[in-house]
Amino acid sequence: MDYNFHEIEKKWQDYWEENETYKASDDFSKKKFYALVEFPYPSGHGLHVGHPRSYTAIDILARKRRMEGYNVLFPMGWDAFGLPTENYAIKHNIHPKKITAENIANFKRQLKSIGFSFDWSKEINTTDENYYKWTQWIFLKLFEKGLAYKQEMPINWCTSCKVGLANEEVVNGVCERCGGEVVQKRKSQWMLKITEYAQRLIDDLDEVNYIEKIKTQQRNWIGRSEGAEVDFALAGVDKKIRVYTTRPDTLFGATYMVVSPEHPVIAELSDKITNMDEVAAYQKEAAHKSEFERTEMAKDKTGVELKGIKAVNPVNGTEIPVWISDYVLMTYGTGAIMAVPAHDSRDWDFAKKFGLPIIEVVGGGKDVQEEAYTDVSEGVMVNSGFLTGLSVKDAIKKMIEYLEENGLGKKKVNFKLRDWVFSRQRYWGEPIPLVWCDKCGWVPVPYEELPLTLPELDKFAPGEEGESPLAKATDWINTKCPHCGGPAKRETDTMPQWAGSSWYFLRYIDPNNDKALASTEKLDYWMPVDWYNGGMEHTTLHVLYSRFWYKFLYDIGVVKTKEPYMKRTSQGMILGENNEKMSKSRGNVVNPDDVVNEFGADTFRTYEMFIGAFDQATPWSENGVRGCHKFIERVWNLQPMLTDEDGYSKDLEGLMHKTVKKVTEDTERMKFNTAIAAMMSLVNEFYKKGKVTKDEFKTLIVLLYPTAPHISEELWQRAGMTGYLHDAAWPTYDEEKTKDDSVEIVIQINGKIRGKLVVPAEISRDELGKLVCDSEEGKAAIAGKTVVKVIAVPGKLVNIVVK
RNA sequence: GCGCCCGUGGCGGAAUUGGCAGACGCGCUAGACUUAGGAUCUAGUGUCAACGACGUGGGAGUUCAAGUCUCUUCGGGCGCACCA
């Protein structure tokens with residue numbers, strides 16, 4: 001009766017597949033549970049041990065929900081458009097479609113070998129024409145509603161991928177994907193107006209149950225701030241410069257202005273500016289700096305005064321100089337600021353460097369000539385005319401009222417979030433279904449002509465200047481305008497990888513529908529996703545983008561809820577044995593195939609969950625894997641200890657109920673490591689006794705089933721239980737029976753442990769105190785001293801304070 | 001620089017509301033068995049000058065009682081990074 005996991009795991013994987021055990025039901029009268037994990041990008045490297053950490057966790061929850069009577073949808077698919085495949089295609093001159101198919105086959109084999117309870121009948125692939133037809137459909141809807149627009153603008157250009165990047169894809173000034181240098185390049189790009197949804201993307205976070213860290217990151221990324229726009233007149237010129245400030249209260253302390261080097265006012269005033277050569281040189285210098293250099297330069301401020309120009313402070317009429325500096329960004333606010341060096345550290349640095357005046361307007365801090373006073377929660381306004389004496393909070397309110405009454409400015413909310421750069425000059429992505437007609441402008445490809453499929457090419461590399469590979473497909477490009485019938489050209493840009501993943505969870509619901517992205521009936525039943533787990537790295541990319549698309553689909557009536565995901569959790573990273581990030585170059589990569597072959601899928605799954613706290617990074621340990629394998633084998637070897645007795649034996653009844661409670665609760669809290677520890681302890685108890693009743697064994701393997709499904713099913717069958725384990729119900733526990741009749745109480749004297757006493761569990765505070773004081777241990781401790789106080793905590797301890 | 005999280009044995013990590021620190025696993029030690037193995041079972045395993053004392057990065061504080069709360073400091077991680 002050796003534990004032959006190869007045989008057992010194959011047997012049950014085949015059984016589940018043949019019988020479609022985990023197929024979601026179309027019975028919409030049942031309560032539903034939509035469990036979702038991020039679908040993988042099928043790279044050539046195969047599955048990483050990090051993928052199964054997320055998948056096993058949600059698989060455990062999906063299996064538990066089925067046992068609790070839910071109709072569960074737990075699907076899987078492939079996010080298969082993307083650069084690595086395309087780069088491989090370019091290098092080896094193989095069609096990306098072919099590479100994608102091979103990679104998917106490998107991923108699928110690996111996932112199946114681990115025994116996840118995916119409903120494979122719902123499998124999707126973002127590169128399927130019948131899938132991206134609907135990605136294109138959503139894009140056309142966005143275009144129709146004015147949320148997609150083309151604009152010439154400076155974009156983040158990855159010099160290595162030769163592709164434009166969204167702001168979200170630039171990390172520390174380098175490409176998020178390849179680490180290549182990112183420079184600014186002017187290009188005409190398709191943009192999506194995610195900014196129009198900024199406020200709703202913040203507000204509706206209140207309605208969902210994401211872990212707090214994710215909510216915070218989303219809020220920070222959207223970056224809402226409240227303040228005011230203020231117009232500064234220019235002396236002797238009929239022109240105004242508008243600034244945005246979150247601190248209108250400090251307006252009396254504005255001693256100069258700064259506009260960004262790209263600000264249009266500079267060109268408009270070029271005949272008034274007396275040092276235009278110097279200014280132009282600075283503009284040129286700023287334009288040549290890459291994003292990386294601009295952030296590197298953060299320490300030392302540079303700038304040039306616009307000589308011949310003076311602005312007028314609207315509240316006190318003072319004339320103040322105007323400067324240009326690249327610390328002011330054209331992409332935020334109005335591209336111009338009022339500088340208050342006394343209460344802003346950046347302005348302070350600039351003022352000190354260029355000898356500009358510093359006027360204190362909020363009192364109560366240190367000398368503003370020495371340091372900017374920015375934390376003004378306690379401050380009171382000084383030198384500020386009608387604001388003097390007010391708190392900062394009241395001063396902000398009063399100043400906004402004043403500005404609005406006098407037509408000098410108004411209250412304004414700003415966001416850091418920028419519109420989403422949606423064009424990629426690449427082959428392996430969804431073609432943007434638009435046509436350029438010289439007469440009609442941008443015309444959408446008619447819905448009935450979707451999908452607009454990729455043209456067949458034999459070379460996939462982008463042009464040196466970054467033009468799309470599609471630009472070479474002349475037969476494909478030249479077409480007729482759907483509107484006027486005249487000659488027209490297709491858009492050659494494709495969509496970014498985030499397009500397909502922004503709505504994939506909707507397609508799972510109805511993957512073969514050719515009339516709609518999914519039927520309304522099915523969408524209404526299954527949405528929203530009940531529990532979504534994935535990596536932290538997708539918080540400001542995928543999660544934000546997909547929430548935006550979902551809200552748009554809500555607005556046009558496709559879906560009925562405001563938010564796609566009710567709950568979002570995140571797993572920690574699995575590191576190499578040396579505590580470093582797993583990577584080929586570090587030589588510390590663990591291949592899931594090797595673990596499954598040597599120890600089996602059940603051991604692999606158990607270890608993935610036992611490795612450490614689910615949300616924290618933890619190093620891999622082969623000895624840890626062996627420990628879990630030993631546990632699985634110990635469960636197997638309980639078989640000869642099985643008795644014919646029914647029910648729980650008297651001495652283990654409490655422990656059985658406690659274990660059911662612990663595993664049930666810990667699973668819901670994603671404390672998988674402690675749930676497994678509880679099962680290990682239970683098995684240890686069975687070994688100590690040398691026997692286990694049928695019902696005790698049954699409870700154990702039901703609890704173990706979500707974590708280690710193959711061995712559990714096998715043991716269920718071998719023990720002669722009726723039916724199949726996957727049809728069994730999740731065990732219940734009796735709260736009363738989890739409580740012991742008597743408990744051991746710790747006796748403390750002045751906080752030090754001096755003894756222990758077993759007392760009845762149900763006992764009042766007073767009784768407990770008395771009982772302990774009257775006990776031998778208590779008496780001994782008190783002897784010869786005065787009792788000052790007795791603190792009794794039922795079920796825990798009694799602390800006697802003596803003198 | 002700002003914001004958030006984390007510092008617990010030789011290691012991974014436990015510890016609802018402040019209430020026996022170190023569950024569970026690894027490793028280590030000893031024993032049993034034996035077809036001699038990376039097998040299995042049993043027992044032990046925080047530290048020390050050891051019937052006691054000390055112990056959750058360091059220092060202070062609140063409390064009858066602190067890993068848990070407060071302040072401070074050091075170390076590590078993540079996020080944002082000139083966002084006005």
Exercise. Looking for any heavy atom pair under 4.0 Å, which part of the strands does A/Thr331 touch: base, sugar-phosphate only, or nothing?
Worked result: nothing

Problem set entry | N/O (side chain, A/Arg219) to phosphate O (OP1/OP2, B/rG3) under 4.0 Å | no

Exercise. A/Thr540 side chain N/O closer than 4.0 Å to the phosphate oxygens (OP1, OP2) of B/rG79?
Worked result: no

For this session: Look through every strand shown and name the nucleotide pairing with B/rU29 as Watson-Crick or G-U wobble, where both distances are under 3.5 Å.
Result: B/rA43

Problem set entry | Inter-nucleotide P distance (B/rG27, B/rC71), Å rounded | 42 Å

Exercise. Could one point to a donor on the side chain of A/Asn799 or the base of B/rC64 with an acceptor on the other under 3.5 Å away?
Worked result: yes

For this session: From the options B/rA84, B/rC20, B/rA23, select the nucleotide whose nearest atom is closest to the side chain of A/Ala677.
Result: B/rA23

Seminar exercise, completed: The Watson-Crick or G-U wobble partner of B/rG55, with both key distances under 3.5 Å, is none

Exercise. Going by distance alone, is a donor N or O of one side chain under 3.5 Å from an acceptor N or O of the other, for A/Ser225 and A/Tyr244?
Worked result: yes

Seminar exercise, completed: Out of B/rG13, B/rG25, B/rA84, minimum distance to the side chain of A/Phe610 belongs to B/rG25

Exercise. Should the pair A/His542 and A/His538 be assigned to parallel (<30°), tilted (30 to 60°) or perpendicular (>60°) ring geometry?
Worked result: perpendicular

Exercise. Does a distance-only test, which skips hydrogens and angles, find a donor-acceptor pair under 3.5 Å between the side chain of A/Lys301 and the base of B/rC82?
Worked result: yes

